[in-house]
Asks: 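One structure coming up, written as structure tokens, with questions to follow.
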Amino acid sequence: MATYAEMAEMYEDIKSDFRFDHELNGCLNCGICTATCPSAQFYDYSPREIVQLLWTENVEQIYDAMQEKIWACAQCMTCAARCPFKNSPGGLVSIMREVAIKHGMQSAKDVLRPFGRVMLKLITTGNQLSADMIQPDHFPDWGPNIQKVEGDLKVLRKAIPVKTLQTTETAWEVSLKTSVEMYTIWEMTGVMKQLETMDENLFDVIVDFIEEKREDYEDWLEEHADEKNDD
Amino acid sequence: MTNPTNPTDEPRGIAGHGAFFQPTNLSPEEAERATDWVRKRVDRRTVDLGERMDDVREHMWELEKEGEIIVHRVTDAHEPRMVKTLFGWDKKIPTTRLWHHKSCGQCGNIPGYPTSLLWTMNGLGMAPGRDYLDETDQTSCTAWNYHGSGIGNVESLAAVFLRNFHQAYVSGKRLGHDAGYFFPLVHCGTSFGNYKEIRKYLIESAELRERVKKILAKLGRLVDGKIVIPEEVVHYSEWVHVMRKDIAAKLQKYDVSKMRVVVHMACHYSKMVHEDAIYDPEVLGGNRAATATGIAMALGAQVIDYSTWYDCCGFGFRHIISEREFTRSFTIDRKIKIAQVEAKADVMLTNDTGCVTTMDKNQWIGKAHEQQYSMPIMADIQFAALACGADPLKIVQLQWHASPCEDVVEKMGISWAESKKRFEEYLEQVKAGKIEYLYDPKLAMSMVA
């Protein structure tokens, strides 16, 4: 449990995000956002409540909502499209999630643990998912008809008539230079720090992977510099 | 007592419209003139938004004038077609010289989505390398991850956006074209919504621009020291929409007039930065976003309305991976069941990655709760490609779908069994290295490593 000062600090972080004033403009409690919200139908979650807590600066309950409620939001942004005040409860939830991560909240760590595999894929390849992740064994609830033609995944992917898609470990073929540029973006924008706060083991795996890829790229550049010199 | 407005007390007017209603007997032109002022007041497409809604593109031109940014323009060479968006603003949709910004969810999971699009472009005579480009130098927008996990931030999303769109801007150079030759065509609905949101923030915040500029400089992704921002962010379904009549007139092979189609409009297409979505008076009276529905209508399918048309599919970004109970329940209760029982649809079409995945994959599990509903799910462009004679497996790649898409194929008069047999024979060729491509594979290799 955080102290009041810590909660207040989290609230200040939320409020100081430059999007905050963009996403919160007032609230009459009309409830259109909640009426149209898919998550409100299934969880103890209400976009109206999120807006009200922030509007009334209810620091303790904001902290409370950051434990579980903010993770219920499906981020469809229906609330934002409907709000007569042009609030974006979904956008406010995004800010609150970032702050929960920044402060290393245990609830955020718990919620994100099953997301690790996806994060590993995205941070290292620039693709959110890949063909080898969507296999029948991984998703038994998708049923026996998940693939209508049996066969080796590599061959099935080669049968896609678009060169960039003939991969199994990435959604499409991403050039090494592209990946290296993306690692620079992660480092310069604090994403690596977020990862370290959330999951140190995952962070270590990712750092090793990035180092290896950077070395591959350096080698490639050297090889091609030689080729140029040979010319 | 005598009625003061009808002293003779003769019955008149039409039931249901009040006692004093009577036909005006005006000609259509006179009627339009007579009610014009009302429409001007209530039609959201002509409403004066005042300070409530800003067109971010106007500020882009100012920033360009001030030397802050470069705007990647949709030029005449992109052969743009004009459309109207929610508030009646114009949007230019380029129809050629397109840089395919792929979707990780589509390519990894529903590959028939991009292949159907490329196949359709080829069918319309577009030449790879000249009229479109698909290359390896791109990342995903990374917004699926951000909306799912909160890992990432505006700065990282902005840097990824500007990096990818800079690559689109310069991508033609290796083929001898000028900068700006290819214009990005965004395949994913979430990328589309996210990029528009980020563009808005970049235009509004000088501080964000400064921070991101440093990153782009390090990557060598500035042009004359400036960031490149696109004049329009264009979704593939918008290209399909403006080309729908050409697709139907030039390519359609199968009659789909007996097909009952329902459309699920992707939230991140029409609800995120919703002022930029296409609303077309020819499609559902301009009252709903027009993409996906427009192509189904152009092909002659029966578009059926249903009560939960505005609902999200239940994807949830994080939920489809780690809270699947929510995703399944929502999609079965609010989408699949309604499409089957209420609309009695033959197929549900949509225009985004996550929606196809969610609704296609989460049907079988309903059996566990005696929810025996099923509905073929595919993208608008997959349906269009099928109607235009694309092979259901080799091109439309329906073998990756879990929902009963075979039924749609059969209903169009195409034999699924024969297509499958042909595809299995083709797999043997593939094993022997004889692969057929929609474009020369060399075009994909952008530059290095």
Asks: Please look at B/Glu436 and chain A and tell me whether the side chain, the backbone, both or neither of the residue comes under 4.5 angstrom of a heavy atom of that chain.
Replies: backbone
Asks: Sort out for me which of B/Tyr310, B/Phe315, B/Trp119, B/Tyr426 touches chain A most, counting heavy-atom pairs under 4.5 Å.
Replies: B/Tyr310
Asks: Quick one: what part of B/Ile435 sits under 4.5 Å from any heavy atom of chain A, side chain, backbone, both or neither?
Replies: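 It is the side chain, since no backbone atom gets that close.
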Asks: Does any heavy atom of chain A fall under 4.5 Å from the side chain of B/Lys218, the backbone, both, or neither of them?
Replies: side chain
Asks: What part of A/Val155 lies closer than 4.5 angstrom to a heavy atom of chain B: side chain, backbone, both or neither?
Replies: both
Asks: So, the side chain of B/Asn145 versus the backbone of A/Gln128: is there a donor-acceptor pair under 3.5 Å, distance only?
Replies: no
Asks: Can you tell which part of B/Glu325 gets under 4.5 Å to a heavy atom of chain A, answering side chain, backbone, both or neither?
Replies: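 No part of it gets close to chain A.
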Asks: With a 4.5 angstrom heavy-atom cut-off, is it the side chain or the backbone of B/Arg211 that approaches chain A, or both, or neither?
Replies: neither
Asks: Please flag which part of A/Gln41 lies under 4.5 Å from any non-hydrogen atom of chain B: side chain, backbone, both or neither.
Replies: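 For A/Gln41, the side chain is the part near chain B, not the backbone.
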Asks: Quick check for you: among B/Ser205, B/Gly220, B/Gly148, which has the greatest number of heavy-atom pairs under 4.5 Å with chain A?
Replies: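 Looking at each of B/Ser205, B/Gly220, B/Gly148 in turn, B/Gly148 comes out on top.
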Asks: Is chain B contacted by the side chain of A/Cys73, its backbone, both, or neither, given a heavy-atom distance below 4.5 Å?
Replies: backbone
Asks: Under 4.5 Å between any side-chain heavy atoms of B/Leu393 and A/Val149, yes or no?
Replies: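 Yes, at least one pair of side-chain atoms sits under 4.5 Å.
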Asks: Is the backbone of B/His401 close enough, under 3.5 Å, to the side chain of A/Lys148 for a donor and an acceptor to pair up by distance?
Replies: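 Present.
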Asks: Would you check, one step at a time, whether the test side chain to side chain contact (heavy atoms under 4.5 Å, CB included) holds for A/Leu122 with B/Trp144?
Replies: CA-CA 10 Å; A/Leu122 177 91; B/Trp144 178 351; over 6 Å; no
Asks: Under the 3.5 angstrom rule, does the side chain of B/His319 hit a backbone N or O of A/Ala72 as a donor-acceptor pair?
Replies: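 Yes; at least one donor-acceptor contact below 3.5 Å.
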Asks: Side chain, backbone, both or neither: which part of A/Val93 has a heavy atom under 4.5 Å from chain B?
Replies: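 Contact with chain B: none, neither part.
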Asks: Got a donor-acceptor contact below 3.5 angstrom from the A/Trp172 side chain to the B/Gln138 backbone?
Replies: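 At least one qualifying donor-acceptor pair exists.
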Asks: Pick one of side chain, backbone, both or neither for B/Glu204, based on which atoms fall under 4.5 Å of a heavy atom in chain A.
Replies: side chain
Asks: With B/Lys102 as reference, evaluate A/Val162, A/Asn127, A/Thr164 under the side chain to side chain contact (heavy atoms under 4.5 Å, CB included) test and give the passing residue.
Replies: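 By the side chain to side chain contact (heavy atoms under 4.5 Å, CB included) criterion, B/Lys102 pairs with just one of A/Val162, A/Asn127, A/Thr164: A/Thr164.
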Asks: Which heavy-atom pair separates B/Cys267 from A/Cys76 by the least distance, and what is that distance?
Replies: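 Here B/Cys267 and A/Cys76 meet closest at CB-O, 3.3 Å.
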Asks: Side chain from CB out, backbone as N, CA, C, O: work out which of these in A/Trp186 comes under 4.5 Å of a heavy atom of chain B, or both, or neither.
Replies: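 Side chain only.
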Asks: Relative to chain B, which segment of A/Leu156 carries a heavy atom at a distance below 4.5 Å: side chain, backbone, both, or neither?
Replies: both
Asks: Quick one: are B/Trp400 and A/Ile146 in side-chain contact, heavy atoms under 4.5 Å?
Replies: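 They are not in side-chain contact.
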Asks: Does the plane of the ring in B/Phe326 sit parallel, tilted or perpendicular to the ring in A/Tyr43? Use 30° and 60° as the thresholds.
Replies: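 If you compare the ring of B/Phe326 with that of A/Tyr43, the planes turn out tilted.
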Asks: Are side-chain heavy atoms of A/Met119 and B/Ser149 found at a separation under 4.5 Å?
Replies: yes
Asks: Verify, without hydrogens or angle tests, whether B/His268 (side chain) and A/Gln75 (backbone) share a donor-acceptor contact under 3.5 angstrom.
Replies: yes
Asks: Tell me whether B/Arg221 is salt-bridged to A/Glu181, with the criterion being a basic N under 4.0 Å from an acidic carboxylate O.
Replies: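 Salt bridge flag = yes for A/Glu181 with B/Arg221.
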Asks: Might you point out which heavy atoms bring B/Ile365 and A/Asp141 nearest each other, and give the distance in Å?
Replies: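 That would be CB-O, 3.3 Å.
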Asks: At a heavy-atom separation under 4.5 Å, does B/Tyr437 approach chain A through its side chain, its backbone, both, or neither?
Replies: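 When you check distances to chain A, atoms from both the backbone and side chain of B/Tyr437 fall under 4.5 Å.
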Asks: Is the shortest heavy-atom distance from the side chain of B/Ile151 to the side chain of A/Phe115 under 4.5 Å?
Replies: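 Side chain of B/Ile151 against side chain of A/Phe115, heavy atoms only: no contact under 4.5 Å found.
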Asks: So which part of A/Ser130 gets closer than 4.5 Å to some heavy atom of chain B, the side chain, the backbone, both or neither?
Replies: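 The backbone, not the side chain.
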Asks: What part of B/Leu118 gets closer than 4.5 Å to chain A, counting heavy atoms only: side chain, backbone, both or neither?
Replies: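 Contact with chain A is through the side chain of B/Leu118 alone.
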Asks: Quick one: what part of A/Thr167 sits under 4.5 Å from any heavy atom of chain B, side chain, backbone, both or neither?
Replies: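 For A/Thr167, neither part sits under 4.5 Å from chain B.
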Asks: Could you walk me through whether A/Leu165 and B/Gln106 pass side chain to side chain contact (heavy atoms under 4.5 Å, CB included), step by step?
Replies: CA-CA 10 Å; A/Leu165 270 60; B/Gln106 285 173 21; over 6 Å; no
Asks: Kindly say whether A/Gly126 contributes a backbone atom to a donor-acceptor pair with the side chain of B/Ser140 at under 3.5 angstrom?
Replies: yes
Asks: Side chain, backbone, both or neither: which part of B/Thr142 has a non-hydrogen atom closer than 4.5 Å to chain A?
Replies: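 Both parts, backbone and side chain.
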Asks: Under 4.5 Å heavy-atom distance to chain B, tell me which part of A/Met182 shows up: side chain, backbone, both or neither.
Replies: side chain
Asks: Of all heavy-atom pairs between B/Gly152 and A/Val191, which one has the smallest distance, and what is that distance?
Replies: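 Closest pair (atom of B/Gly152, atom of A/Val191, distance): CA-CG2, 3.8 Å.
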Asks: Among B/Pro111, B/Gly150, B/Cys107, B/Pro114, which has the most heavy-atom pairs under 4.5 Å with chain A?
Replies: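 Ranked by contacts with chain A, first place is B/Cys107.
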Asks: I'd like to verify something: which residue of B/Gln429, B/Lys200, B/Arg334 has the highest number of heavy-atom pairs under 4.5 Å with chain A?
Replies: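 Between B/Gln429, B/Lys200, B/Arg334, the count favours B/Arg334.
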Asks: For A/Ala159 and B/Leu427, work out which heavy atoms get closest and say how close.
Replies: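 Closest approach of A/Ala159 to B/Leu427: CB-CD2, 3.7 Å.
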Asks: Does any non-hydrogen side-chain atom of A/Ile185 lie less than 4.5 Å from one of B/Leu219?
Replies: yes
Asks: Against chain A, label B/Phe423 side chain, backbone, both or neither, depending on which of its atoms sit under 4.5 Å from a heavy atom there.
Replies: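 Just the side chain, heavy atoms under 4.5 Å.
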Asks: Is it the backbone or the side chain of B/Arg163 that comes under 4.5 Å from a heavy atom of chain A, or both, or neither?
Replies: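 Only the side chain of B/Arg163 comes within 4.5 Å of chain A.
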Asks: With a 3.5 Å distance limit and no angle check, can you tell me whether A/Arg19 reaches the backbone of B/Val154 through a side-chain donor-acceptor pair?
Replies: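 It does not hold such a pair.
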Asks: Measuring only between side-chain heavy atoms, which start at C-beta, is B/Tyr146 closer than 4.5 Å to A/Arg97?
Replies: no
Asks: Heavy-atom distances under 4.5 Å only: say whether B/Ser403 touches chain A with side chain, backbone, both or neither.
Replies: backbone
Asks: Kindly give the heavy-atom pair with the smallest separation between A/Phe42 and B/Ser329, and that separation in Å.
Replies: CE2-CB, 3.3 Å
Asks: Of the non-hydrogen atoms in B/Trp364 and A/Trp142, which two are nearest, and what is the gap between them?
Replies: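 For B/Trp364 versus A/Trp142, the nearest heavy atoms are CB-O, 4.0 Å.
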Asks: Tell me, do A/Lys163 and B/Lys442 make a side-chain contact under 4.5 Å, heavy atoms counted?
Replies: no
Asks: Quick one: are A/Met188 and B/Ser156 in side-chain contact, heavy atoms under 4.5 Å?
Replies: no
Asks: Non-hydrogen atoms of chain A under 4.5 Å away: do they reach the side chain of B/Val273, the backbone, both or neither?
Replies: neither
Asks: Return the option, out of B/Ser103, B/Gly112, B/Pro404, with the maximum number of heavy-atom pairs under 4.5 Å with chain A.
Replies: B/Ser103
Asks: Checking heavy atoms, do the side chain of B/Leu216, its backbone, both or neither come under 4.5 Å from chain A?
Replies: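 Looking at B/Leu216, nothing touches chain A.
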Asks: Does B/Glu424 CD have over 12 foreign heavy atoms under 6.0 Å away?
Replies: yes
